[in-house]
*Asks:* 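Before I ask anything, let me first share the structure, which is written out below as structure tokens.
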2 protein chains.
Amino acid sequence: MWSDAIPDPAAQQEIKRKAIIRAAAQAFSRQGSHSVTLDDVAKRLGVSKAALYRYIPNKHSLILACQDEALDIAGQALARAISEQGTGLAKIRQSLRLYLLDTIEQLGVPALILEDNALRGDDAARILQKRDSYESRMRELVSEGCADGSILPVEPKMAVFMLLGAVHWVAKWYRPDGRWSPETVADTIVGLATRALEPAPTSTLAIHLPQDQAREDRHAF
Amino acid sequence: MWSDAIPDPAAQQEIKRKAIIRAAAQAFSRQGSHSVTLDDVAKRLGVSKAALYRYIPNKHSLILACQDEALDIAGQALARAISEQGTGLAKIRQSLRLYLLDTIEQLGVPALILEDNALRGDDAARILQKRDSYESRMRELVSEGCADGSILPVEPKMAVFMLLGAVHWVAKWYRPDGRWSPETVADTIVGLATRALEPAPTSTLAIHLPQDQAREDRHAF
DNA sequence: GTTGCAATCTAACGCCCGTTTGAATAGCCT
DNA sequence: AGGCTATTCAAACGGGCGTTAGATTGCAAC
């Protein structure tokens, strides 16, 4: 039983570990894990790269931890969405929306893109299985939507690929200090992408600042 | 005036150079340019990595050449689509469809994803400008579609991000030896994604093999 | 055959970056 | 104050990979 005033050293460790994962995730999601050096990650945190090794055993495990975290967020978002009432399409919408918002909040980056080649070893297989399970459950939601009439007849695999492409791509162009809030981005992108699946879409979309402010945006191709 | 029987040595050079770019593009689009070694590229072509240097000055220029090629294809697809009759949405559909089909045919990979961090130097600025120009013209097509009523009122930037996300993501999961032909993939993904922009979608989609064949697909998250 | 050029190879060089080592610093307990 | 532990750092080590050098092979011209 620890007093709040006396910080638990183990908890301190965990806080710093999370900070490292967060910093790494932000760098990885844009540049790809292989082109990010531990020096890059350390500089974001204002420490030397050697200091990282008190919290992580090596770079590969850091990559795994990032993927693990992102997949946990995705899985939890999916679970929450499934537990709520609504059509298959509504659940898909909610799960993707939560995924974007939670990754931004917890990792500081909207979605974490996996390069499967970056994964090796036994843990890698676990991550891949986790990802496959997530995508599989998403496809089931599509099938559910087809059955309940909220989604037009589509190939579930293709539909999920399309949705995840639109959603994961956000990581390439979203800027925390940009014009749009996380909520605006999540609602607009998910709203648009899922509209593609409506049998006869009637949903309207919030329109955000149609006038183009002359800002120099460097975003991904 | 060369005879067909006597191959022009300069042309031979160019053919091999193109083969290198193609092999590199396939590797880059999946793994990211930074995690692909020149040995990887050389092995795909059955030569040693030193042999590559007769055709490219260095790795960075190879990355640039891949981006250049992909952007040329994208730009030409856009130009062809614009020159044809039709609504703004129809032009967007056509340009994206051609982009996927042409990159698969010419580069052997559907879309080439840019990691802007991989680019350096003066040529890099040229590539970024080319990409910005392409995206800007895409946004204009969205505005055109809004005006002619083929597209519902949306923020053009977001709409283009959503479309390009769905389209570029194909590079992560498409397999040449897979279940779907390039045409099927292009039609389905572009058909789905652009449906999101229809004011009141009535378009139907071809449905391909809804039954799931028990194939083990390893695709990107 | 011999010469010359093009193409490719193997082997080595050197830098970058992940990882380790050992010392320096800062807080906490008695 | 003095020791103990937890953190952090600068510096060095070592492997991987881009790049270069020099040798080898193959082919065309004469």
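Convention: sequence-line order gives letters A, B, ...; per-chain numbering from 1. Hydrogens, waters and symmetry mates play no part in the numbers below; they use all other heavy atoms, side chains included.
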*Asks:* May I ask you to evaluate whether K16(A) reaches the phosphate of dA6(D), defined as a side-chain N or O under 4.0 Å from OP1 or OP2?
*Replies:* no

*Asks:* Under the ring-ring contact (aromatic ring centres under 6.0 Å, His included) definition, can you give me all pairs with a residue in residues 40-71 of chain A, not counting sequence neighbours?
*Replies:* none

*Asks:* Taking N or O atoms only and anything under 3.5 Å, show me the protein contacts with nucleotides 18-25 of chain D, one pair per line.
*Replies:*
| unit_1 | atom_1 | unit_2 | atom_2 | d |
| --- | --- | --- | --- | --- |
| dG18(D) | OP1 | K59(B) | NZ | 3.0 |
| dG18(D) | OP2 | L38(B) | N | 2.9 |
| dG18(D) | N7 | K49(B) | NZ | 3.0 |
| dT19(D) | OP2 | Y53(B) | OH | 2.7 |
| dT19(D) | OP2 | K59(B) | N | 2.7 |
| dT19(D) | O5' | Y53(B) | OH | 3.2 |
| dT19(D) | O4 | K49(B) | NZ | 3.4 |

*Asks:* Think Y55(B) has a side-chain N or O under 4.0 angstrom from the OP1 or OP2 of dA6(C)?
*Replies:* no

*Asks:* Roughly, in whole Å, what's the span from CG in D40(A) to P in dC16(C)?
*Replies:* 13 Å

*Asks:* What is the separation between atom CD1 on I20(B) and atom C1' on dA7(C), rounded to the nearest whole Å?
*Replies:* 12 Å

*Asks:* To the nearest Å, how far apart are L52(A) CG and dT7(D) C1'?
*Replies:* 12 Å

*Asks:* Under 3.5 Å, is there a donor-acceptor pair between the side chain of T184(A) and the main chain of W180(A)?
*Replies:* no

*Asks:* Would you please name every residue forming a salt bridge (charged side-chain N to carboxylate O under 4.0 Å, His left out) with D39(A), sequence neighbours left out?
*Replies:* none

*Asks:* Looking only at side-chain N and O atoms, does Q13(A) come under 4.0 Å of OP1 or OP2 in dT7(D)?
*Replies:* yes

*Asks:* Is it true that K43(A) and D40(A) have a side-chain N and a carboxylate O under 4.0 angstrom from each other?
*Replies:* no

*Asks:* S48(A) has a side chain; which of dC9(D), dT8(C), dT8(D) sits nearest to it?
*Replies:* dC9(D)

*Asks:* Counting just side-chain N and O atoms, does Q12(B) come under 4.0 Å of either OP1 or OP2 of dA7(C)?
*Replies:* no

*Asks:* Would you mind checking if K91(A) and E144(A) are paired as a salt bridge, meaning a charged N to carboxylate O distance below 4.0 Å?
*Replies:* yes

*Asks:* Distance check, rounded to the nearest 0.5 Å: K157(B) atom NZ versus R179(A) atom CZ?
*Replies:* 5.0 Å

